[in-house]
Amino acid sequence: MPSEETFLFDDPAHRPAALEKCTVSNAATTSQFEQIEDRLLRQDAVRRTAVIKRIDELGLPEPGEQYRLVTMRTFSAVEFIDYIANREPVLECAIVLYSISRLNAAKIRSLLRRRRIQRAMILVSSLRNTAAQEKEDVAMTVLKGTPGVDMFFASSHAKIFTCETAEGNFYSLEGSGNLANNSRIEQYCLDNSEPLYHFHREWLEEVKGVSEGRGL
């Protein structure tokens, strides 16, 4: 049985129509996006490492800085998003999610409604997990239709948040953690880099174009 914070659909009769047409097997031998060239960004950065309990122990990186983090207890990547948006209004952001809880989707929706995040491009994974359960429809039921949200689907396993803030910062978060609370050891990389922000936005726009061309 799913927890109270997630929607999982084993029964095809209860599977959201949008997921029905875009969900693919985790064992697929193709991403369906092979026509898009792989991307590489090389850049220098001042690196710092830390094992953290709470984000405010660390603060946010200055331009050109990179934090490498490891969390050891219950934590969610959405805490980074909340921390950034409540300190610096987010003008544009992109969220690439593999899994998200209902509670954390509601947090993102609240940031959008309060205009702490003004616009969000959201790529939702269409992959199924190893138990062959459908991905949560939380993004569809909680986030889709929220003003400022542009959502699309792709066979993605990436977990990324990247944004431009009103203070002129460009934060990007990449790591192993999903947008759902868990107590596993997770690793993250938090950058303040304008080139990295545009790097992610460019490939996401390309994937979005292919997805929309297929009616996903």
Side-chain angles (χ1 to χ4, degrees), residues 31 33 36-52 54-71 75-100 104-105 107-108 111-112 115-125 139 143 148-154 156-180 185-209 211:
S31 71
F33 292 89
I36 299 176
E37 292 293 327
D38 292 340
R39 301 296 181 91
L40 171 67
L41 173 68
R42 295 181 184 274
Q43 62 176 2
D44 294 324
V46 177
R47 294 180 174 84
R48 299 181 181 179
T49 59
V51 177
I52 65 170
R54 299 175 58 85
I55 305 170
D56 53 15
E57 295 176 3
L58 192 62
L60 294 171
E62 296 294 326
E65 279 192 320
Q66 179 188 88
Y67 292 169
R68 290 185 175 272
L69 316 168
V70 178
T71 61
F75 190 82
S76 169
V78 79
E79 295 186 39
F80 285 107
I81 301 174
D82 187 68
Y83 186 86
I84 291 168
N86 280 307
R87 281 155 182 77
E88 304 180 27
V90 172
L91 304 178
E92 299 264 5
C93 78
I95 303 172
V96 183
L97 62 91
Y98 180 71
S99 177
I100 189 169
N104 288 332
K107 287 181 180 179
I108 294 173
L111 292 170
L112 284 155
R115 303 291 290 171
R116 300 307 301 178
I117 297 177
Q118 295 183 19
R119 292 178 294 278
M121 171 192 287
I122 302 177
L123 189 166
V124 182
S125 174
L143 293 174
V149 170
D150 181 10
M151 184 181 297
F152 61 103
F153 293 83
S156 167
H157 194 255
K159 298 111 175 177
I160 299 168
F161 169 77
T162 188
C163 72
E164 175 184 1
T165 75
E167 302 298 322
N169 290 303
F170 295 85
Y171 300 113
S172 292
L173 176 72
E174 306 164 13
S176 61
N178 292 305
L179 297 185
I185 296 173
E186 303 284 5
Q187 59 80 23
Y188 300 94
C189 185
L190 179 61
D191 286 85
N192 188 343
S193 166
E194 184 174 0
L196 181 58
Y197 167 78
H198 290 297
F199 170 79
H200 284 312
R201 290 293 304 220
E202 287 171 6
W203 70 259
L204 281 166
E205 289 286 358
E206 193 166 3
V207 170
K208 177 175 177 286
S211 295

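In what follows, every heavy atom counts, from backbone to side chain, and hydrogens, waters and symmetry copies are set aside.
Counting only heavy atoms from C-beta outward, the side chains of R87 and E167 never approach each other to under 4.5 Å. Contact of the L196 side chain with the E174 side chain is registered, since non-hydrogen atoms from C-beta on lie closer than 4.5 Å. Residues T162 and F199 form no side-chain contact, since every pair of their non-hydrogen atoms from C-beta on lies 4.5 Å or further apart.
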Let me see the working for L60 and N169 under side chain to side chain contact (heavy atoms under 4.5 Å, CB included), right down to the final yes or no.
CA-CA 10 Å; L60 294 171; N169 290 303; over 6 Å; no
Report the C-alpha distance between I100 and I108 in whole Å, list the side-chain angles of each, state the deciding distance to 0.1 Å, and finish with yes or no for side chain to side chain contact (heavy atoms under 4.5 Å, CB included).
CA-CA 11 Å; I100 189 169; I108 294 173; 4.0 Å; yes
Stepwise side chain to side chain contact (heavy atoms under 4.5 Å, CB included) test for I81 and I117
CA-CA 9 Å; I81 301 174; I117 297 177; 4.0 Å; yes
Evaluation steps, side chain to side chain contact (heavy atoms under 4.5 Å, CB included), between Y171 and V90:
CA-CA 10 Å; Y171 300 113; V90 172; over 6 Å; no
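Between the side chains of T71 and E186, no donor-acceptor pair of N or O atoms lies under 3.5 Å.
Atom-to-atom distance recorded for L173:CG and C189:SG is 8.5 Å, nearest 0.5 angstrom. Distance check: H198 NE2 to E202 CD gives 8.0 Å after rounding to the nearest 0.5 Å. Here OH of Y98 is found 4.5 Å from NE2 of H157. Values are rounded to the nearest 0.5 Å. Rounded to the nearest 0.5 Å, atoms CD1 (I95) and CE (M121) are 11.5 Å apart.
Under the rule for a side-chain hydrogen bond (donor to acceptor under 3.5 Å, both in side chains), E164 has no partner lying at least two apart in sequence or in another chain. Residues forming a side-chain hydrogen bond (donor to acceptor under 3.5 Å, both in side chains) with R119 (at least two apart in sequence, or on another chain): E92. Evaluation of the side-chain hydrogen bond (donor to acceptor under 3.5 Å, both in side chains) rule for T165 yields E88 as partners, not counting sequence neighbours.
At least one donor-acceptor pair under 3.5 Å links the side chain of N86 to the backbone N or O of D82. The backbone N or O of D191 lies less than 3.5 Å from no partner atom in the side chain of S172, so there is not a single donor-acceptor pair. Checked by atom type and distance alone, the side chain of N192 pairs as donor or acceptor with a backbone atom of F170 at under 3.5 Å.
Looking at every heavy atom in both residues, S211 comes nearest to F153 through OG-O, 2.8 Å. Here the shortest heavy-atom pairing between A77 and G177 reads CB-O, 4.2 Å. Closest approach of L91 to A166, counting heavy atoms only: CG-N, 3.9 Å. The heavy-atom pair separating A85 from R116 by the smallest distance is O-NE, 2.9 Å. Nearest heavy atoms, S125 versus S156: OG-O, 2.6 Å. Pairing each heavy atom of A105 with each of L143, the nearest pair is O-CD2, 3.4 Å.
Ring pair F80/F161: centre-to-centre distance not below 6.0 Å.
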